[in-house]
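Below, read A as the first sequence line, B as the second, and so on, with proteins coming before strands; counting in each chain starts at 1. Everything numeric here is computed off the predicted structure, so don't read it as measured data.
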Amino acid sequence: MQLTYPDGSIHEFPQGTTGLDVAASIGSRLAKAAVAVSVDGAEWDLGRPLPEGGGEFAVITAASEEGRHVMRHSAAHVLAQAVLELFPEATFAIGPPITDGFYYDFWNPEPFTEEDLERIEAKMHDIIAADQPFVREEMSAEDALEIFARHRFKCEIIESVDASEVEGGDVVSAYRNTEVFTDLCRGPHVPSTGRLEAVKLLRTSGAYWRGDENNPQLHRIYGTAWESKKELDAYLHRLEEAEKRDHRRLGPELDLFSFPRDLGPGLAVWHPKGGLMRKLIEDHSRRMHERYGFDFVVSPHVAKAELWRTSGHLDFYAENMYPGMELDSEEEYRVKPMNCPGHVLIYKSSGRSYRDLPLRLSELGAVYRYERSGVVHGLLRARGFTQDDSHTFATPEQLADELVMHIDFVLQWLRDFGFEEFEADLSTRPEKYVGEVPRWEQAEADLAAALDHAGIPYKIAEGEGAFYGPKIDVHIKDAIGRRWQMSTIQVDFNLPERFGVEYTTSENTKARPFMVHSAKAGSLERFFGVLTEHYAGAFPMWLAPVQAAVITVADRHEDYAYEVAGQLKAAGIRAEVDAGSGKLGEKIRKAIMSKTPSILVVGDNDVEAGTAGFRLRGEDEKRGTPIGDIVETLTELGTIPS
RNA sequence: GCCGGGUUAGCUCAGUGGUAGAGCAGCCGCCUUGUAAGCGGCAGGUCGCGGGUUCGACCCCCGCACCCGGCUCCA
């Protein structure tokens, strides 16, 4: 058989050669680092004879993403083996690798406790120490059903395996570790359990079989596995770091916002510092919308139920809407979960001609959505929030340019807040859809063209679009590498239809415009939450609620401190004086802990010379800096993006 | 909504079937300080809410509210 290495070289091997043989022929270190190999993209166990046809060959090492995937999958098996040994009544369902770890779902009469987890983990370490081989076995589906007869979820899987997925048809594979433990699995796996260097169980949770709440609820155990103890520790450290960045912790700590119990779940109040930051963000939003040619509109928070019936929200979105309000002799009213119908009514308030288009309506619109009680999550998933929502009405000819502009706007917006890495999803027509196919196709093509124009990486999510139209979602990568969906641009064929939205063409005929929903920040609450986590609360100068802390060395410097703060404020810098009687170190610490981006210390020498000890976040202090210089530096750093 | 865990002072958390504690924050005083926590004192709690068991419940039981981790990244 012929194998083509990643460097393009071609090598000949006899039939029956295994991945390990090939790796060993390349180098003993590579053979040692290998956990599996791939041939033409398909992964193979190290000890499994390679396919007769050969192909593009690559060694998968433990330190690669693919390698970790294999390792984690194997770790999941070890977890299952441990659980089945310790809990005789348990049956196992599925246990895939996931980002940064793995999980396994079990059915068991009792949920697993913390102590169970420790016992399970200890058992896993025994299994790993025993260095049991993972032996691949292939069998017919009937035989598999017999072997796994006691495990109803495995049987369901076997029955649902599409024969065409497996070469040779009606064959499934399993991996056997011991005489008593084998697990249905496509593979590949590491050669033996001893190859699992660093495995740790993290937590338990409930999970529905196949994610469907109509199915039985299983007990899920999450774990993680890495190629070395060092990597595992680094991962656990990252988890801790992420916890420190948690906006739900930082928000109240920095006095930005809180979720008072008395208010209700998913509902936040903004404190003065957070309120100030929100104002800065909103101001920037308005400035940008203005620059990109949007008009500002306002729509009320409640509307007749009939409006939501017309828009279709009561058909498709009712479970996320607060229940109706009964009013005397009036129709029922509903709190708005979206701004679109209001904007459509503004469009329809007068006859529209092609000369009016594109018409771009924008609103910082507060909406309320009844999120299920288990899913609210700080500002990231709130029940009340404000969207920077806009709706653009355009002719078919204008759509392409409009979408280019929208993407440009979105990226500019995100860059202004310090996000640098983007990735987009283009979601196309799903199976159930409304509207005409040619319109879908035009919109999809125009969206793709806009993405190409913007030059950001994107992938096509086939069939993932909303029933009413295709869309682009823009994701950012934050400071610690997490992805967040931020902005969205969606074409809508449904609402214009439902509301009979039209315009008069140059031929004096009526035509239906394209409607584009877009949100650059999305929910301001969510955007703020992500910003907080991205910066770990240490916001850039232009967003920092307090930009400069002026700290006195001793009481006698208080007057001078206020004088300095006055100069800063006169220059538009948000300065605060800390003239407290504490030690200097204590006051400095307080300023650092509150993530104030600059600190000015004033003492005798400074009063004398008109200077301050000046320190920017993360830098050393510069004693005796003239106040004028400080104002200049802070003004420059605090410039609002434009 | 469902499964699991949790709820004690403003915050972080100890605690026992016999009337509740620490650190930080707050307030007062001393210190007058030159770049990440000076010292002392004071004040602060319906132990989430409601019910039950008990001579007695923060602790045990039941219900509720809220918070946290999850609820296909498809063997």
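- Listed pair A/Arg248 / B/G69 meets the phosphate criterion, a side-chain N or O lying under 4.0 Å from OP1 or OP2.
- Within the nucleic acid shown, A/Val602 has no heavy atom closer than 4.0 Å to any nucleic acid atom.
- The phosphate of B/U33 (OP1 or OP2) has a side-chain N or O of A/Arg556 nearer than 4.0 angstrom.
- Nearest to the side chain of A/Leu584, among B/G4, B/U35, B/G69, sits B/U35.
- Of the candidate nucleotides B/C73, B/G4, B/A75, B/A75 has the atom nearest to the side chain of A/Leu184.
- When the side-chain nitrogen and oxygen atoms of A/Arg623 are compared with OP1 and OP2 of B/U35, one or more of them lie within a distance under 4.0 Å.
- For the residue pair A/Thr224/A/Asp100, the side-chain donor-acceptor check at 3.5 Å is not satisfied.
- Across B/A36, B/C66, B/U33, the shortest atom-to-atom separation from the side chain of A/Pro265 is found for B/C66.
- If you check every strand for non-hydrogen atoms under 4.0 Å, A/Asp212 touches nothing.
- Under 3.5 Å, the side chain of A/Ser205 and the base of B/C71 form no donor-acceptor pair of N or O atoms.
- Between the side chain of A/Tyr208 and the base of B/C2 there is at least one donor-acceptor pair of N/O atoms closer than 3.5 Å.
- Between B/G70 and B/C11, the distance separating the two C1' atoms is 27 Å to the nearest Å.
- A/Gly374 comes within 4.0 angstrom of a base, heavy atoms only.
- Not a single donor-acceptor contact under 3.5 angstrom links the side-chain atoms of A/Asp604 to the base of B/G34.
- Between A/Arg589 and B/U35 there is no side-chain polar atom (N or O) within less than 4.0 angstrom of OP1 or OP2.
- Under the Watson-Crick and G-U wobble criteria, each requiring two contacts below 3.5 Å, nucleotide B/G1 is paired to B/C71.
- For the pair A/Tyr222/A/Phe102, no side-chain contact is recorded, criterion being any heavy-atom separation below 4.5 Å from C-beta on.
- Among the nucleotides B/G70, B/U35, B/A36, the one closest to any side-chain atom of A/Ile592 is B/A36.
- Base contact: A/Arg372 has a heavy atom under 4.0 Å from a base atom.
- OP1 or OP2 of B/G4 has not a single side-chain nitrogen or oxygen of A/Thr204 nearer than 4.0 Å.
- With B/C31, B/A75, B/C3 as the candidates, the nucleotide lying closest to the side chain of A/Lys583 is B/C31.
- Base pairing of B/C11 is made with B/G23, judged by Watson-Crick or G-U wobble geometry with both donor-acceptor distances under 3.5 Å.
- Proximity of A/His77 to A/Cys185: side-chain heavy atoms (C-beta onward) are separated by under 4.5 Å at one or more points.
- Within the 4.0 angstrom heavy-atom criterion, only backbone atoms of the sugar-phosphate kind lie near A/Arg220; the bases stay farther away.
- Straight-line distance between the C1' atoms of B/A57 and B/C73: roughly 47 Å, to the nearest whole Å.
- For the pair A/Arg152 and A/Trp107, the NZ or CZ position fails the cation-pi test of under 6.0 Å to the six-membered ring centre and within 45 degrees of the ring normal.
- More than 12 heavy atoms of other residues, nucleotides or ligands shown are found within 6.0 angstrom of CD on A/Glu241.
- Searching all strands for a Watson-Crick or G-U wobble partner of B/C66 with both distances below 3.5 Å returns B/G6.
- In terms of phosphate contacts, A/His219 brings no side-chain nitrogen or oxygen within less than 4.0 Å of OP1 or OP2 of B/G70.
- Using a 4.0 Å heavy-atom cutoff across all strands shown, A/Arg210 reaches at least one base atom of the nucleic acid.
- Here the options are A/Arg482, A/Arg245, A/Arg248, the test is salt bridge (charged side-chain N to carboxylate O under 4.0 Å, His left out), and the partner is A/Glu533; only A/Arg482 passes.
- The residue A/Pro97 sits close only to the backbone: its heavy atoms come under 4.0 Å of sugar-phosphate atoms, none of a base.
- Atom CG of A/Asp105 is separated from atom C1' of B/C3 by 12 Å (rounded to the nearest Å).
- For the C1' atom pair drawn from B/A20 and B/C47, the interatomic distance equals 8 Å after rounding to whole Å.
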